[in-house]
2 protein chains.
Amino acid sequence: MRAAFCGQPNLLDNNFYRSLWSRLIFVQQTSSNFRKLCAEHGLAVTHQRQVLYEVMQGMEGHPSPEEVFARVKKKVPAISLATVYKNIHLFVESGIFRKMSMHHGSVRVEMNDEEHHHMVCSRCKAIADIGEKELGLAPRRRKLPDGFLVERYAVDVIGLCAKCQQQAS
Amino acid sequence: MRAAFCGQPNLLDNNFYRSLWSRLIFVQQTSSNFRKLCAEHGLAVTHQRQVLYEVMQGMEGHPSPEEVFARVKKKVPAISLATVYKNIHLFVESGIFRKMSMHHGSVRVEMNDEEHHHMVCSRCKAIADIGEKELGLAPRRRKLPDGFLVERYAVDVIGLCAKCQQQAS
DNA sequence: GTGCTTGCAAACCCTTTGCACAGCC
DNA sequence: GGCTGTGCAAAGGGTTTGCAAGCAC
């Protein structure tokens with residue numbers, strides 16, 4: 001390790017500046033992207049908002065608001081959880097990010113025994129059942145990546161129910 | 001209306017008793033079904049539990065616990081919301097009913113732009129993304145029953161992740 | 001300067017828990 | 001009789017809201 005520092009100063013310098021440079025470009029790109037996004041959606045560009053956006057983009061999986069908050073707090077210690085919530089909602093409403101599940105927050109239970117899936121209205125959130133056959137969509141693989149063992153498939157069809165289509169037109 | 005009461009006493013009696021009889025049979029069936037279910041799952045048969053079960057079976061759609069509570073309260077005024085919650089959970093754990101969504105209760109957001117779906121582990125609740133192609137999804141329909149207009153499909157694959165399979169064996 | 005954003009604290013909703021009493025087995 | 005289930009009230013988690021001060025445009 002130390003040999004590298006002493007013996008190959010030029011290589012070190014190259015790597016160092018290359019790394020610094022590419023990082024700078026990345027930050028500039030993200031920043032300008034974000035400014036553009038905000039402009040498109042009529043949002044003010046604040047420091048909190050920008051950091052939140054970058055942190056969320058950089059996180060794997062589907063973190064909870066608390067987890068996002070914890071990460072953002074490292075870069076903006078004074079930020080409040082309420083700000084995180086407000087902005088996550090703003091991002092979702094603007095279409096910058098997407099909510100994972102359209103379902104109601106509270107516990108819902110299936111009383112319908114038959115194999116079926118759901119049609120969820122993106123406007124009024126109404127949920128109607130749809131039989132496996134009517135859906136005409138049958139992914140039936142038993143083997144999936146990462147050795148995931150399939151028990152069953154649950155399909156949500158997101159769209160507009162008849163009522164909301166009428167109201168929209 | 002009144003003519004029926006006066007003019008056709010036999011028919012009235014027939015209908016009346018037939019109706020009463022079929023209702024009695026229904027209640028007995030439900031009751032004995034429920035007793036059997038409870039026996040299978042080691043649950044005590046209480047009045048509250050039985051009414052809750054019958055009410056839930058008789059409800060359309062995917063009512064919230066509050067809505068179920070309101071209905072049950074009409075038949076068992078003294079019942080408490082806590083009892084409703086406890087028993088809904090018991091029913092779900094026993095496999096008598098099924099939870100609609102395996103997702104965490106809190107808000108989750110998609111940061112992954114690409115078309116993808118989710119593999120949800122029924123044991124540890126971990127959520128992993130899976131691409132549309134890896135899922136092997138059949139062609140999509142744009143028209144569904146009740147004039148529902150499709151925007152997109154969201155598929156959850158429920159099963160066991162590799163880790164939980166190891167722990168299970 | 002005007003209006004949107006922030007941070008704080010309190011309120012809010014939904015759900016769970018602890019406990020004494022009642023009811024099933 | 002022992003053990004589970006109930007009802008009540010209080011606590012808990014996650015989320016939203018109201019408001020004064022701060023910042024972007």
Side-chain angles (χ1 to χ4, degrees), chain A residues 31-32 34-53 55-56 62-70 72-94 96-97 99-109 125, chain B residues 31-32 34-53 55-56 62-70 72-94 96-97 99-109 125:
Chain A
S31 169
S32 76
F34 185 66
R35 301 193 94 83
K36 212 169 67 183
L37 271 176
C38 287
E40 283 170 13
H41 296 103
L43 302 177
V45 179
T46 68
H47 183 220
Q48 289 88 331
R49 225 164 246 179
Q50 177 147 4
V51 172
L52 179 63
Y53 175 77
V55 163
M56 287 181 75
H62 309 86
S64 66
E66 291 281 347
E67 286 163 344
V68 174
F69 173 61
V72 175
K73 212 174 168 67
K74 286 180 187 168
K75 301 192 179 181
V76 188
I79 202 171
S80 85
L81 185 55
T83 302
V84 171
Y85 272 101
K86 284 171 188 166
N87 282 308
I88 288 180
H89 280 160
L90 269 177
F91 290 161
V92 169
E93 279 164 28
S94 309
I96 297 176
F97 293 132
K99 265 218 294 281
M100 251 194 74
S101 170
M102 299 296 297
H103 293 178
H104 300 80
S106 65
V107 170
R108 303 293 163 123
V109 167
K125 312 298 180 206
Chain B
S31 167
S32 75
F34 186 67
R35 300 195 94 83
K36 211 167 69 183
L37 271 177
C38 286
E40 283 170 14
H41 297 103
L43 302 178
V45 178
T46 68
H47 183 221
Q48 289 89 331
R49 225 164 245 179
Q50 177 147 3
V51 171
L52 179 65
Y53 176 76
V55 163
M56 287 181 76
H62 309 87
S64 67
E66 292 279 347
E67 287 164 343
V68 173
F69 174 60
V72 174
K73 212 175 168 64
K74 286 180 187 168
K75 302 192 181 184
V76 189
I79 202 172
S80 85
L81 184 56
T83 301
V84 171
Y85 271 102
K86 284 171 190 168
N87 282 309
I88 289 180
H89 279 159
L90 268 177
F91 289 161
V92 169
E93 280 164 28
S94 309
I96 297 176
F97 293 131
K99 265 219 294 281
M100 251 195 74
S101 169
M102 300 296 297
H103 293 177
H104 300 79
S106 65
V107 170
R108 305 292 164 123
V109 167
K125 313 297 182 208

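Residue numbers begin at 1 in each chain, while the letters A, B, ... track the order of the sequences.
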Figure out the [atom1]/[atom2] separation between [X] and [N], and round it to whole Å.
X: B:Leu52; N: D:dG5; atom1: CG; atom2: C1'; result: 13 Å
X: A:His89; N: C:dC4; atom1: NE2; atom2: C1'; result: 19 Å
X: B:Arg108; N: D:dG14; atom1: CZ; atom2: C1'; result: 11 Å
X: A:Gln50; N: D:dC23; atom1: CD; atom2: P; result: 17 Å
X: A:Leu81; N: D:dT16; atom1: CG; atom2: C1'; result: 11 Å
X: B:Glu66; N: C:dC13; atom1: CD; atom2: P; result: 10 Å
X: A:Glu67; N: D:dG13; atom1: CD; atom2: P; result: 16 Å
X: B:Arg35; N: C:dC25; atom1: CZ; atom2: P; result: 7 Å

Relative to the 5' end of DNA chain D, which residue comes earlier, B:Val107 or B:Leu43, by the nucleotide with the nearest heavy atom?
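The 5'-side residue here is B:Leu43.
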Relative to each other, are the rings of A:Tyr53 and A:Phe97 parallel, tilted or perpendicular (30° and 60° limits)?
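Ring orientation of A:Tyr53 relative to A:Phe97: parallel.
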So A:His103 and B:His103, side-chain contact (heavy atoms from CB on, under 4.5 Å) or not? Walk me through it.
CA-CA 9 Å; A:His103 293 178; B:His103 293 177; over 6 Å; no
Pairs under 3.5 angstrom, nitrogen or oxygen only, protein versus nucleotides 6-12 of chain C, please.
residue, atom, partner, partner atom, Å
C:dT6, OP1, A:Thr46, OG1, 2.8
C:dT6, OP2, A:Asn87, ND2, 3.3
C:dT6, O3', A:Gln48, NE2, 2.8
C:dG7, OP1, A:Gln48, NE2, 3.1
C:dG7, OP1, A:Ala78, O, 3.4
C:dG7, OP2, A:Ser80, N, 3.3
C:dG7, OP2, A:Thr83, OG1, 2.8
C:dG7, O6, A:Lys86, NZ, 2.8

Answer yes or no: is there a side-chain heavy-atom contact under 4.5 Å between [X] and [Y]?
X: B:Glu66; Y: B:Leu81; answer: yes
X: A:Lys73; Y: A:Val84; answer: no
X: B:Ser64; Y: B:Glu67; answer: yes

Which residues pass the side-chain contact (heavy atoms from CB on, under 4.5 Å) test with B:Ser94, not counting sequence neighbours?
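Only B:His41, B:Leu43, B:Ile96 meet the side-chain contact (heavy atoms from CB on, under 4.5 Å) criterion with B:Ser94.
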